[in-house]
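What follows is a single structure, written as structure tokens, with notes after it.
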4 protein chains.
Amino acid sequence: MGSRQRRGDTRQRIQDVAVELFAEQGYEKTSLREIAERLDVTKAALYYHFKTKEDILISLFDDLTRPMDELIEWGRGQPHILDTKQELLRRYSLALTQAAPLFRFMQENQATIRELSIGESFKDRMLKMLEIIKDPDAPLADQVRCVSALFTMHAGMFALKDMEGDPEDKRKAVLEVAIELVTQAHSDPHTA
Amino acid sequence: MGSRQRRGDTRQRIQDVAVELFAEQGYEKTSLREIAERLDVTKAALYYHFKTKEDILISLFDDLTRPMDELIEWGRGQPHILDTKQELLRRYSLALTQAAPLFRFMQENQATIRELSIGESFKDRMLKMLEIIKDPDAPLADQVRCVSALFTMHAGMFALKDMEGDPEDKRKAVLEVAIELVTQAHSDPHTA
Amino acid sequence: MGSRQRRGDTRQRIQDVAVELFAEQGYEKTSLREIAERLDVTKAALYYHFKTKEDILISLFDDLTRPMDELIEWGRGQPHILDTKQELLRRYSLALTQAAPLFRFMQENQATIRELSIGESFKDRMLKMLEIIKDPDAPLADQVRCVSALFTMHAGMFALKDMEGDPEDKRKAVLEVAIELVTQAHSDPHTA
Amino acid sequence: MGSRQRRGDTRQRIQDVAVELFAEQGYEKTSLREIAERLDVTKAALYYHFKTKEDILISLFDDLTRPMDELIEWGRGQPHILDTKQELLRRYSLALTQAAPLFRFMQENQATIRELSIGESFKDRMLKMLEIIKDPDAPLADQVRCVSALFTMHAGMFALKDMEGDPEDKRKAVLEVAIELVTQAHSDPHTA
DNA sequence: CATGAATGAGTGTTCATTCAT
DNA sequence: AATGAATGAACACTCATTCAT
């Protein structure tokens with residue numbers, strides 16, 4: 001019965017277990033044997049669903065990069081005004097929350113990801129988001145504020161895990177600080 | 001000549017190469033064979049100087065944690081006023097700059113480090129620094145500001161690498177933003 | 001053809017080669033590379049069938065300890081009379097003959113085995129057999145006779161290898177001496 | 001002071017530690033590093049005193065084989081009567097007691113020793129001792145009794161370690177059984 | 001849709017041994 | 001009489017990957 005219900009969703013189950021283990025132990029330290037054992041299948045079965053180990057990782061990122069791409073596309077269609085920037089952060093915050101484990105993984109395995117084909121593409125996306133909220137002619141400190149806004153959002157949620165309080169409250173607090181940073185960077189009158 | 005001059009500094013040379021490779025490729029993906037080959041010695045030679053691979057990593061962190069411990073001790077002896085917090089960040093900024101590659105490594109290999117004996121000890125240190133700059137009764141957003149200040153400093157310097165500009169200017173800009181965050185968190189009148 | 005016929009019996013073939021090499025050279029001096037080469041497979045193939053090197057050894061002992069356990073169980077269900085003791089030795093003699101190479105290995109690698117998980121369990125079994133044939137209140141010399149009976153059986157067969165004569169004749173001679181020792185130990189009237 | 005008193009006796013100290021560790025863990029599992037660490041010298045120091053690891057072992061056996069050689073020479077000069085055989089066992093028992101750890105080592109590392117140059121020479125000695133107490137034309141069982149007598153003496157002392165009782169009492173008991181076996185083998189009237 | 005069996009390349013680690021000093 | 005530094009060869013073990021069934 002249990003095995004009947006599982007018919008056809010093996011691919012999804014692999015992804016679920018992979019996200020969990022990758023986030024917990026890192027990509028390199030997680031072996032396919034481990035994933036297979038948790039699912040009670042053989043390693044070879046994984047290869048029916050994915051061509052390589054890296055392929056599993058890439059498939060996970062697809063769920064993550066799609067919302068980001070949409071976000072970027074949306075942002076580019078908007079005027080470069082403060083409101084756009086703030087809204088971008090708001091939407092990004094929600095996207096992050098939904099793909100939290102994957103982001104935690106990304107945050108903690110940058111060295112690994114950098115070498116993977118996915119690394120470049122992700123960095124690209126981050127730069128594109130920065131382009132939307134950042135003014136290249138602004139003073140250095142303002143540019144740092146924008147970078148910091150994004151990083152704060154990435155790190156914030158995981159770094160705050162041991163702090164007491166409702167997760168949603170924490171998300172809002174992080175978002176508030178990020179928006180503030182961007183607002184400050186935007187409104188700062190600069191004479192470059 | 002080259003090999004004569006090298007006598008006695010092998011341990012240091014191992015550390016240098018290790019820092020470089022660990023930062024570049026990550027801890028797991030850097031093999032002892034690779035380190036040995038770069039130094040033109042055998043793997044076994046590494047084991048004369050270090051008991052295990054992890055031991056190499058630990059030895060690297062010693063150079064890093066000592067200044068942090070001094071900083072924490074200094075901070076604890078000061079009154080919990082804004083000035084102390086700002087000065088702590090200023091000093092931390094300098095410490096970070098000096099051990100930049102190691103911090104880049106740490107920033108990018110959190111998943112790996114977490115499992116190592118060193119992970120806990122480093123997290124402890126971060127929490128102790130937070131205790132100095134953060135007020136546990138402050139509103140959530142203010143606490144986020146303090147966390148963000150530290151993370152901004154960690155990430156800032158590496159994330160800004162592709163941006164043009166003098167490294168020292170960038171360091172100051174990052175520091176400025178961090179100080180601002182902490183200042184705001186401190187001065188915020190809160191009625192908890 | 002040869003390789004086709006071999007399908008499915010690799011595990012057994014590993015055990016066969018392992019017994020032979022362990023007995024010939026000792027456990028420590030026999031490397032997995034050596035076993036693998038003899039079988040014309042890779043080392044990794046061994047790990048498909050056994051989790052560790054020690055596991056191979058343990059699996060070999062399973063074939064040995066099962067008959068011993070049966071023997072012990074049988075002996076415990078019998079009255080502590082001379083007949084039982086003699087019959088135990090007779091049955092043990094047969095068991096030993098069947099697992100001769102393994103016993104030779106055990107006899108010659110006691111130091112190694114002692115440190116392995118198997119060591120304790122084997123010693124236990126020997127003590128349990130002793131309990132059946134030995135009277136704890138008997139004079140020391142009688143107790144020695146019982147210990148000697150078992151040891152004679154262990155060592156006898158291998159020590160007598162270079163002596164001319166039919167193996168079965170030798171087995172019977174060893175058994176005869178062992179039975180004699182136990183008989184003497186049993187019938188000895190003692191006033192402890 | 002301690003180090004002054006140690007001057008010149010390093011060779012002896014190496015032997016002492018080696019005997020102890022070899023007996024405890026076996027020859028293969030005892031590394032020179034371990035021996036050196038126990039003596040608080042470097043591995044290289046061992047090589048000042050002994051040419052190879054095997055050389056240490058050989059030097060240990062010298063202390064053991066000398067008394068055996070004397071014993072064999074003595075035995076050969078005596079008539080092949082029961083008294084000679086009994087006296088041989090008595091003397092051997094004392095020799096064994098004096099070199100107990102080494103004999104324990106030999107008993108437990110036969111597979112190792114067999115491959116060493118020393119192995120053959122030791123086996124030779126055992127055969128020579130057998131020649132003295134054993135009649136090659138006697139019935140098989142009698143020959144087994146003689147082999148058993150020697151083996152009982154070897155094994156007896158270590159196998160009886162967990163048994164309660166004074167070591168000297170145990171030695172005598174073992175000797176008693178061995179003498180008995182040889183006596184029986186000798187007096188047995190045989191018509192081959 | 002999945003398994004059983006295997007591989008080749010690699011890992012970190014240990015060892016006995018050497019030799020200039 | 002002993003050390004510091006190193007080597008070369010080996011070892012047990014793990015990994016991602018393959019493929020016939």
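Residue numbers begin at 1 in each chain, while the letters A, B, ... track the order of the sequences.
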Side chain to side chain donor-acceptor pair (under 3.5 Å) partners of Arg38(B), counting only residues at least two apart: Glu20(B)
Integer-rounded Å distance: dA16(E) C1' and Ile35(D) CD1: 11 Å
Glu37(C) side chain vs Glu34(C) backbone, donor-acceptor pair below 3.5 Å: no
Within residues 25-53 of chain B or reaching into it, pairs that qualify as ring pair (Phe, Tyr, Trp, His ring centres under 6.0 Å) - sequence neighbours excluded: Phe22(B)-Tyr27(B)
Separation of dA16(F) P from Tyr47(A) OH (nearest whole Å): 7 Å
Thr10(A) side-chain N/O to dC1(E) phosphate OP1/OP2 under 4.0 Å: no
Secondary structure string for DNA chain E (Watson-Crick or G-U under 3.5 angstrom, | for other-strand pairs): .||||||||||||||||||||
Lys53(B) (side chain) donor-acceptor with Thr30(B) (main chain) under 3.5 angstrom: yes
Under 3.5 Å: donor-acceptor pair, side chain of Thr52(D), backbone of Asp55(D): yes
Minimum-distance nucleotide to Ala44(D) side chain [options: dT3(F), dC19(F), dG8(E)]: dT3(F)
With sequence neighbours excluded, residues passing side chain to side chain donor-acceptor pair (under 3.5 Å) with Arg125(C): Asp69(C), Ser121(C)
Residue pair Ile113(D), Glu108(C): steps toward the side-chain contact (heavy atoms from CB on, under 4.5 Å) verdict: CA-CA 9 Å; Ile113(D) 290 174; Glu108(C) 298 185 341; over 6 Å; no
Under 4.0 angstrom between Tyr48(D) side-chain N/O and dA1(F) OP1 or OP2: yes
Contact list for DNA chain E against residues 49-58 of chain D - heavy-atom distance below 4.0 Å: Thr52(D), Lys53(D)
Contacting residues from residues 22-34 of chain B, given that a heavy atom lies under 4.0 angstrom of DNA chain E: Thr30(B), Ser31(B), Leu32(B), Arg33(B)
Donor-acceptor under 3.5 Å (Arg114(B) side chain, Glu24(A) main chain): yes
Length of the NZ-P vector between Lys43(C) and dA9(F), whole Å: 15 Å
Exam field: side chain Glu115(C) to backbone Lys29(D), donor-acceptor pair closer than 3.5 Å: no
Under 3.5 Å: donor-acceptor pair, side chain of Gln110(B), backbone of Gln107(B): yes
Spacing of Thr112(D) atom OG1 and Gln25(C) atom CD [to the nearest 0.5 Å]: 11.0 Å
Between dG4(F) (C1') and Leu46(D) (CG): distance, integer Å: 15 Å
